[in-house]
Amino acid sequence: MRQQELARARLNAFLTSGLGDAPSAKGPRSLVLLPWLWTTGLVGIVALCWSIFPGGYEYEMQQGEGASAAFRAFTYLTSALMTYAVPMILALALRDAARFAGRWNNLWTSHWTVSLPQAVIIAGLSWLIALACFLGLVLWTAAISKGWAQSQNAAFESLKLSLLYNGPTALRGAVLALLVLLLIDARDAALHRVSILRSFAWAGAAALVMALAGGATRTVSSLAMLGWSGRAGLDAVDLGLICYAVIQSLLIGALVLFCLSEALRQRQQAEHLHRQRILGTHRSRAAWS
């Protein structure tokens, strides 16, 4: 009897350690597709809905003339995906690669002298890649509309204009990517008990941060364009565009963080039930042996 009890205790300890939240011998699980799909899907929905109602007024304020609903939908969707989806996939891929290599430092549990440079590097790389996509789209559009031979003369001016206008905008995606990494690392570190109220807290914090980021980046873009427009300062149109940027960024941040937090919570609960089911099966088999 003593040997059976010792064997059962060793089996339970082995199953608990092997089926726990810590990475198994097979290595950590990849966590790229789930956050990226949620982010891309929600950003796309917000962009399409935004292009229908407020986007018509915003586009007219930006361009000085209206456009069809289909063209606005394409424009807003393309811009939103480059702003948010591209930085997100890069940040998640860098985190996953570092985790598999054993070089990722949790943004919550690591010392700030370690986690801060890591966050800055990821945000910087994500921002640069998104900006490169914007610049590439500008060159492609110029080549298609005017022909490459004619657009070469104005390529430098177009790139400079796009850098001043889209550079701050691309930074919003890097900020959202950092918020998602903070959420994932908080779940990995088990800093708090997961619940739907915690998801609402994440959504509120993300809404505040993204609203500030949206307003700040839109303000910088407007100030950078003053030299091209010949205006002395910001006018009512600029203030209206800043308000639109704040509202849109707020909605994207709140929706992405809330839905992703709930998706991770449901996934964690499903994995916990699966572990308990397997653990109960092995314990029953050990008891009958």
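What's counted below: heavy atoms across the whole structure, side chains too, no hydrogens, waters or symmetry copies.
- Residues Val237 and Tyr165 do not share a hydrophobic cluster, defined by chaining ILVMFWY side chains whose heavy atoms lie under 4.5 Å apart.
- Side chain to side chain, Tyr57 and Gln62 fail the donor-acceptor criterion of an N or O pair below 3.5 Å.
- Across Ala130 and Met82, no two heavy atoms sit closer than the pair CB-O, 3.5 Å.
- Remark: Leu182 CG to Trp202 CH2 distance equals 5.5 Å, nearest 0.5 Å.
- Residues Arg95 and Ile184 meet the side-chain proximity criterion, which asks for heavy atoms closer than 4.5 Å.
- Note: Leu226 CG to Asp238 CG = 6.5 Å, rounded to the nearest 0.5 Å.
- For the 3.5 Å distance criterion, the side chains of Glu58 and Trp50 qualify, holding a donor opposite an acceptor.
- Tracing side-chain contacts under 4.5 Å through hydrophobic residues (I, L, V, M, F, W, Y), one reaches Leu260 starting from Leu42; they form part of the same cluster.
- Smallest separation of non-hydrogen atoms from Ala207 and Ala254: CB-CB, 3.9 Å.
- Linking Ile, Leu, Val, Met, Phe, Trp and Tyr residues whenever their side-chain heavy atoms come within less than 4.5 Å leaves Val256 and Phe258 in two separate clusters.
- Closest non-hydrogen pair, Ile122 versus Ala91, comes out as CG2-CB, 3.7 Å.
- Side chains of Trp108 and Asp188: a donor-acceptor N/O pair is absent below 3.5 angstrom, by distance only.
- Under a 3.5 Å cut-off, the side chain of Asn166 and the backbone N or O of Thr169 do not form any donor-acceptor pair.
- In this structure, Ile252 and Tyr84 have side chains that are in contact, with non-hydrogen atoms separated by less than 4.5 Å.
- Between Leu171 and Trp127 the shortest heavy-atom distance is N-CD1, 3.3 Å.
- Side-chain contact check for Ser115 and Ser110: no donor-acceptor pair (N or O, by modelled atom type) lies under 3.5 Å.
- Residues Val43 and Trp38 have side chains not in contact (no heavy-atom distance under 4.5 Å, counting atoms from C-beta outward).
- For the pair Val32/Met88, no side-chain contact is recorded, criterion being any heavy-atom separation below 4.5 Å from C-beta on.
- When side chains are defined from C-beta on, Val86 does not count as touching Leu81, because their heavy atoms never get closer than 4.5 Å.
- Scanning both residues, Pro35 and Leu92, for their nearest heavy atoms gives CB-CD1, 3.7 Å.
- Heavy atoms only, all atoms of each residue included: Ala119 and Leu107 are closest at CB-CD2, 4.3 Å.
- The shortest distance between side-chain heavy atoms of Thr217 and Val220 does not fall below 4.5 Å.
- Note that CD of Gln118 and CG of Asn106 are 8.5 Å apart. Values are rounded to the nearest 0.5 Å.
- Remark: side-chain polar atoms of Arg187 are paired, donor with acceptor, to backbone N or O of Ser261 under 3.5 angstrom.
- Taken from OG in Ser249 to CZ in Arg172, the straight-line distance is 4.5 Å, to the nearest 0.5 Å.
- No side-chain heavy atom of Leu212 sits under 4.5 Å from any side-chain heavy atom of Val175.
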Practice problem: Begin with the C-alpha distance, continue with both residues' side-chain angles, and end with the deciding distance and a verdict on side-chain contact (heavy atoms from CB on, under 4.5 Å) for Cys259 and Glu262. | Solution: CA-CA 5 Å; Cys259 293; Glu262 282 296 286; 5.8 Å; no
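- Proximity of Leu264 to Leu34: side-chain heavy atoms (C-beta onward) are separated by under 4.5 Å at one or more points.
- Hydrophobic clustering (side-chain heavy atoms under 4.5 Å, transitive across Ile, Leu, Val, Met, Phe, Trp, Tyr) groups Leu183 together with Leu33.
- Rounded to the nearest 0.5 Å, atoms CG (Leu250) and CE (Met210) are 9.0 Å apart.
- Note that the CZ atom of Arg72 and the CD atom of Gln63 stand 12.0 Å from one another [nearest 0.5 Å].
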Exercise. Go through Leu31 and Arg267 one step at a time and tell me if the side-chain contact (heavy atoms from CB on, under 4.5 Å) criterion holds.
Key: CA-CA 12 Å; Leu31 194 60; Arg267 177 177 176 176; 2.9 Å; yes
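- Hydrophobic cluster membership is shared by Ile121 and Val180, with clusters built from Ile, Leu, Val, Met, Phe, Trp and Tyr side chains linked at under 4.5 angstrom.
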Self-check item: Evaluation steps, side-chain hydrogen bond (donor to acceptor under 3.5 Å, both in side chains), between Asp96 and Trp104
Solution: CA-CA 8 Å; Asp96 238 33; Trp104 177 256; over 6 Å; no
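- Using modelled atom types, one finds no donor on one side chain facing an acceptor on the other under 3.5 Å when comparing Tyr59 with Glu65.
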